[in-house]
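Both ligands and their constituent atoms are indexed starting at 1 by order of listing. Side-chain atoms are counted along with the backbone in the values below, which use heavy atoms only and exclude waters and symmetry mates.
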Amino acid sequence: MRVLGIETSCDETGVAIWDPDAGLLAHRLHSQTAIHAEYGGVVPELASRDHIRRTAPLIEQALADAGLGYADLGGVAATAGPGLLGALLVGLSTGKALAYARELPFLGVHHLEAHLLAPALEDDPPAFPFVALLVSGGHTLLAEVDGVGRYRLLGQSLDDAAGEAFDKTAKLLGLGYPGGPAVAAAAAGGDPGAFDLPRPMVDKPNLDFSFSGLKTAVLNRAKAAGGDGPTPAFVADLCASFQEAVVATLWRKSARALQETGLNRLVVAGGVGANARLREHFAQGAGELGAALHFPRPAFCTDNGAMVAHAGALRLAAGERDGWDRTAVARWPLEELRPPKK
Ligand code: KG4
Ligand code: ZN
């Protein structure tokens, strides 16, 4: 079943067409970065309005890219949550309207499930079961994944998500928005050993995370810079040290999760998975452990339509459908998901 997927949970409008046999036929993305940059973060109302402007044209473009028409689609999937309610409603309503008009099956997709399954968009998809580290702007969690909809939460952040820590660090250092890529760029010329920053919770035996103390430690070091404030070289060293602390902490807990579950496959997904230093550190660690490591390509780590089309197609193909009363939900814990139901 060829599925059109729509993603509008936050500040990216993503549209894609996934075919279970032929793979990804088209994907289009519009990022709202320029709109939110002057506010230093996502403004929900502006996000919703821009999704309204972008979604329908992106669908037309994706279909044109694939050389397809509406009659060639077998189903429609759109992110139903978690995320910003107004933003979610745009993609969800568009998807439902399209499915209703074309008499196609429709399904609301869980945004985090779409992220977790995104490595299967690549050439060498991971087999179940695996350990997944999901690191996005809103969530940081480790889960054992035994199949579609079979998720056992192993640990999660008790405060800030990893992406949020990047975003807040960028903001307090005046590096702009979005923070993750800005901190990564600033860190490029820095010394990761310059500042001895805390590696939160690494010595605790559980698989939970905490990143809010790290952000405070960065703030305190920046304040202590003295003189006219932090120089570019100082900021580079601080960003490199911060990035190293986050990456090392994420790796330590991921390695422990592999050990505790006895699994030897690790999947990393979500926006922070696009971080080059993280990918390098994890590749080295996984190599030492003899574990297989799977990432989506960086463009499919951050929000996109391809992961939604793909996750939706898996469930639609198994016979799962939503009614026209399906609505968007801001909060939707991953553990509430179940295997596809007819
Ligand atoms: O998955 P995502 O696109 O959206 C959510 O579902 O939250 O993740 C966005 C998060 C943001 O916090 C962003 O700063 C972070 O991912 N991010 C990065 C990088 N690219 C995006 N963090 C570190 N390094 C990057 N290269
Ligand atoms: Zn996301």
Side-chain angles (χ1 to χ4, degrees), residues 5-14 29-33 36-37 40-42 44 47 78-84 87-88 91 109-119 121 132-141 156-157 160-173 175-188 190 192 209 211-212 214-215 218 239-240 242-251 267-282 295-308 310-311 330-332 334:
I6 306 171
E7 156 63 35
T8 63
S9 70
C10 190
D11 60 345
E12 329 266 359
T13 319
L29 186 81
H30 174 77
S31 172
Q32 302 178 354
T33 304
H36 304 293
V42 179
T79 306
L84 302 171
L88 286 164
V109 169
H110 192 290
H111 182 79
L112 303 185
E113 173 169 83
H115 271 303
L116 286 188
L117 301 175
L121 291 163
L133 171 69
L134 183 89
V135 272
S136 71
H139 297 84
T140 292
L141 59 86
Q156 61 187 326
S157 179
D160 292 349
E164 197 178 355
F166 269 93
D167 294 335
K168 288 179 174 172
T169 294
K171 202 165 186 172
L172 67 88
L173 292 175
L175 297 174
Y177 161 90
V183 169
F209 304 92
F211 290 108
S212 72
L214 184 54
K215 169 193 69 197
V218 170
C239 284
F242 163 80
Q243 179 174 259
E244 203 59 27
V246 174
V247 166
T249 303
L250 291 172
W251 170 251
V267 155
V268 183
V272 183
N275 184 276
R277 178 63 193 130
L278 181 146
R279 295 171 88 96
E280 184 183 57
H281 190 103
F282 273 57
F295 290 99
R297 73 193 77 167
F300 292 164
C301 283
T302 46
D303 291 347
N304 64 88
M307 66 181 193
V308 177
H310 167 257
R331 205 183 144 272
W332 185 4
L334 184 70

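Using a distance-only test at 3.5 Å, with no hydrogens or angles considered, a donor-acceptor pair links the side chain of Asp167 to the main chain of Gly179. Using modelled atom types, no side-chain atom of Thr13 and backbone atom of Thr8 make a donor-acceptor pair closer than 3.5 Å. Although no hydrogens or angles enter the test, the distance criterion places no donor-acceptor pair under 3.5 Å between the side chain of Thr140 and the main chain of Ser157.
An N or O contact shorter than 3.5 Å links Asp167 to ligand 1 by distance. Of the N or O atoms in Gly137, one or more lie within a sub-3.5 Å distance of an N or O in ligand 1. Checking only distances, His115 does come within under 3.5 Å of ligand 1, N or O to N or O. Checked against a 3.5 angstrom limit, the closest N/O atoms of Gly180 and ligand 1 fall inside it. When only interatomic distances are considered, the shortest N/O to N/O separation between Gly163 and ligand 1 falls below 3.5 Å.
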Go through the steps for Leu175 and Cys239 under the test side chain to side chain contact (heavy atoms under 4.5 Å, CB included), then give the verdict. CA-CA 10 Å; Leu175 297 174; Cys239 284; 3.6 Å; yes
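The side-chain heavy atoms of Val135 and Phe209, taken from C-beta on, include no pair separated by under 4.5 Å. Leu250 has its side chain within reach of Phe211: a pair of non-hydrogen atoms, C-beta onward, lies under 4.5 Å apart. A heavy-atom distance below 4.5 Å is not found between the side chains of Ile6 and Val308. Using a 4.5 Å cut-off on side-chain heavy atoms (C-beta onward), Leu173 and Phe242 make no contact. By the 4.5 Å heavy-atom criterion applied to side chains, His310 and Pro296 are not counted as neighbours. Considering only heavy atoms from C-beta on, Leu116 stays 4.5 Å or farther from Val267 through its side chain.
Distances from the Zn ion (ligand 2) under 2.8 Å pick out these protein N/O/S atoms: His111 NE2, His115 NE2, Asp303 OD1.
For atom 2 (P) of ligand 1, the nearest non-hydrogen atom of the protein is Asp303 OD1, 3.3 Å. The protein non-hydrogen atom at the shortest distance from atom 20 (N) of ligand 1 is Gly271 O, 3.5 Å. Nearest protein heavy-atom contact of atom 6 (O) of ligand 1 is His111 NE2, 3.1 Å. In this structure, atom 26 (N) of ligand 1 lies nearest to the protein heavy atom Asn275 CA, 3.6 Å.
Pro82 is linked by a side chain to side chain contact (heavy atoms under 4.5 Å, CB included) to His110, His111, Leu112, His139, Trp332, counting only residues two or more places apart in sequence or in another chain.
The closest approach between a heavy atom of Gly138 and any atom of ligand 1 is below 4.0 Å.
Across Val42 and Ala47, no two heavy atoms sit closer than the pair CG1-CB, 4.2 Å.
Annotation for ligand 1: atoms under 4.0 Å from non-hydrogen atoms of Pro181 are 19 (C), 20 (N), 21 (C), 25 (C). For ligand 1, the atoms lying closer than 4.0 Å to a non-hydrogen atom of Thr302 are 3 (O), 21 (C).
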